[in-house]
Amino acid sequence: MSGRARLALSAAAATLLTSCALLPLVDQPTWLLELVPLLAVQTGVGAAARRVPLGRPLTVVAQALATVLLLTLVFARQHAFAGLVPGPDTFRYFAGLFRQGSDDVSRYAIPAPLHDGIRLMLIGGVLLIGLLVDTLAVTFRSAAPAGLPLLALYSVAAGLSEGGADWLWFLAAAAGYLMLLLAEGRDRLAQWGRVFGGPPRAPGVFEGGALAPARTGRRIGAVALGVALTVPLALPAMHGGLLERAGPGVGLGDGPGAGGSAVSLLVSLRDNLNTDDDRRLLSLRTDTDDISDLYLRIVSLDDFDGTTWKPAQRHVVGVPGTLPTPVGLGGDVRRGTVRTTVTAADTYAQDWLPMPYPPSGVKIAGRWRYEPVGMALVGDHGQTTRGQTYQVTSLAVRPTARQLASAPQPPAALRREYTSVPSALPKVVARTARKITAGAGSHYEEAVKLQDYFAVTGGFQYDTQVAVGRGAGAIANFLKKKQGFCIHFSFTMAAMARTLGIPARVAVGFAPGTPQADGTVAVNQKDAHAWPELYFEGVGWTRFEPTPTRGTTPSYTQPDTPGTSLPQESLPSGKASSAPSAAASPSARTRTVP
């Protein structure tokens, strides 16, 4: 094989290795299998054109035409002459497909579904990079600048990816580039050898010939790869705790309680509870006469690994005109409709939209996307709540005690996802949960016993000065010291519920606000709150309130008579007083306890 052919193969291999960094961006790797033969044909056309030989510009034109034909054959053969030759309809189809791909990129979270638009962007983009690399490294015989398009391809992938194997893709890209440089070096040295070659020497005596520089190049490449592998491991790292980072897009924005992760959201929640400046963040106008159950939900934390609660990575889509019925909600559960207009302060910039749960419709201006699993809206391309006024239609779900107590088992997939408890969770958590719920006849009674343990009978104290806690022992430490605030109570109850086989997650948002003389409801910094949501088939995700002196106890969990945790079935939902107690502090909401 000639040196030019080896260089062309190395250029194609470098492009292919670097394109592997795009794999985490989509949910299927099949596009890479389609890319391999297309990249091979593109490289072969370049090799044939150089062998003819054609001039350098004509070689590039031949490869570009071959690339267009290949893309037409794969994506638009029904819109082309003879299934191969593109025409005006072909390019209009490509334009529409590219617009579809651009919309999908902004609509879906990573990993995105491999729709045709995204597939065209991936394969077409890599073929364009491959053409640039081949042109620079092979046609113009300058491999070093060919690293620029490879770097651009890797940078796009690394900038979008949030996976933990980024170093692996970097090593693959670096190996491809070094292989290209070494191939070019061998080709140049081979040419020098033909010009200045002398009689052959014994093996191992080529100290001044081609072998020594080749060895040096390999050593440099090995050192570079070694540095790339070991330096990241030697850098200081922040290890996970109970509130580990959850990735971009989850935070309280750049207003009060600013942040870009679940850590900053929840740590700033404590800061809001401790602030001396209890400023108003949201003003509500609602058509319900009872605001005791008007919690504003921002986001749900449903990924639990024993030390970390964070939002799972989910796909986001365009906001539907009418939101679907919540998962698990049956037709026999009583419900009402509540309409609420929310106005956010200019100082409150939150990239997740606070809404009553479950929402059935949202009217809001700006760039927003819908996350179907959590039924949440998230800002797109920097969109926040700052100064926004929006209308939310929500359901007031009123399950009975009988419906909750007789709930059947949830679907197996949901149960697996939301009852997952890792081995890192201290054994005392499950042991305590079983002790508290001994004698319960259903998951619902277990949930009520857990709530009552934290809110009433367990001797816990509400204290916002307690540190959030880190590491696997944070929940065990809270159970021992029995002091904390809403984060501790909600996280611990949700973890205990999972150990009992009850699907559980944690919601973050605001407890019901304070009615004002002008008919509005003020939601302030000190109303920031977190609470557990447990899943019951036929009802769906259901709020519980284990934090003492905060929020309102759901009516479906209030006991009928002392000594039992089964509520009266006839009790109406949400009948706690909507007016705050005259003796209550500004940070405390009226709470009905047994």
Side-chain angles (χ1 to χ4, degrees), residues 1-25 31-32 35-36 38-47 49-50 56-57 59-60 63-64 67 121-161 163 165-192 210 213-232 235:
M1 183 183 296
S2 67
R4 184 71 69 91
R6 281 195 297 268
L7 188 58
L9 288 177
S10 298
T15 302
L16 190 61
L17 286 172
T18 306
S19 68
C20 290
L22 298 169
L23 287 172
L25 303 185
W31 66 271
L32 191 63
L35 173 66
V36 172
L38 302 182
L39 191 60
V41 172
Q42 183 189 72
T43 301
V45 169
R50 286 185 290 265
R56 289 176 175 177
T59 299
V60 176
Q63 287 184 283
T67 301
M121 296 176 73
L122 289 171
I123 294 177
V126 174
L127 287 177
L128 177 60
I129 295 297
L131 176 59
L132 291 174
V133 172
D134 189 270
T135 298
L136 291 171
V138 189
T139 302
F140 288 89
R141 305 185 68 85
S142 184
L148 293 176
L150 292 175
L151 177 61
L153 177 60
Y154 172 77
S155 298
V156 169
L160 295 175
S161 177
D166 291 342
W167 62 272
L168 179 61
W169 311 126
F170 170 76
L171 288 182
Y177 182 51
L178 288 174
M179 181 171 58
L180 179 61
L181 293 178
L182 290 174
E184 185 199 37
R186 289 186 62 185
D187 183 45
R188 291 183 182 275
L189 288 172
Q191 294 180 46
W192 295 346
R215 286 177 175 170
T216 301
R218 295 192 190 99
R219 289 168 184 165
I220 292 173
V223 170
L225 288 175
V227 169
L229 179 62
T230 58
V231 168
L235 292 175

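Atom set for the values below is all heavy atoms of this structure, side chains included, hydrogens, waters and symmetry mates excluded.
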Let me confirm one number: the [atom1]-[atom2] distance from [X] to [Y], rounded to the nearest 0.5 Å.
X: Leu32; Y: Leu122; atom1: CG; atom2: CG; value: 9.5 Å
X: Leu128; Y: Thr15; atom1: CG; atom2: OG1; value: 10.5 Å
X: Leu153; Y: Cys20; atom1: CG; atom2: SG; value: 10.0 Å
X: Thr18; Y: Ile129; atom1: OG1; atom2: CD1; value: 9.5 Å
X: Thr59; Y: Phe140; atom1: OG1; atom2: CZ; value: 8.5 Å

Closest approach of [X] and [Y], non-hydrogen atoms and distance?
X: Ser19; Y: Trp31; answer: O-CH2, 3.6 Å
X: Pro149; Y: Val133; answer: CG-CG2, 3.9 Å
X: Ala144; Y: Tyr177; answer: O-OH, 2.9 Å
X: Gly176; Y: Ala14; answer: O-CB, 3.3 Å
X: Gln63; Y: Thr43; answer: NE2-CA, 4.4 Å
X: Thr139; Y: Arg56; answer: O-NE, 3.2 Å

So, do [X] and [Y] sit near enough that their side-chain heavy atoms are less than 4.5 Å apart?
X: Leu22; Y: Met121; value: no
X: Leu7; Y: Leu180; value: yes
X: Gln42; Y: Leu127; value: yes

Would you mind telling me which of Leu132, Leu131, Val138 makes a side chain to side chain contact (heavy atoms under 4.5 Å, CB included) with Thr135?
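The passing option is Leu131.
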
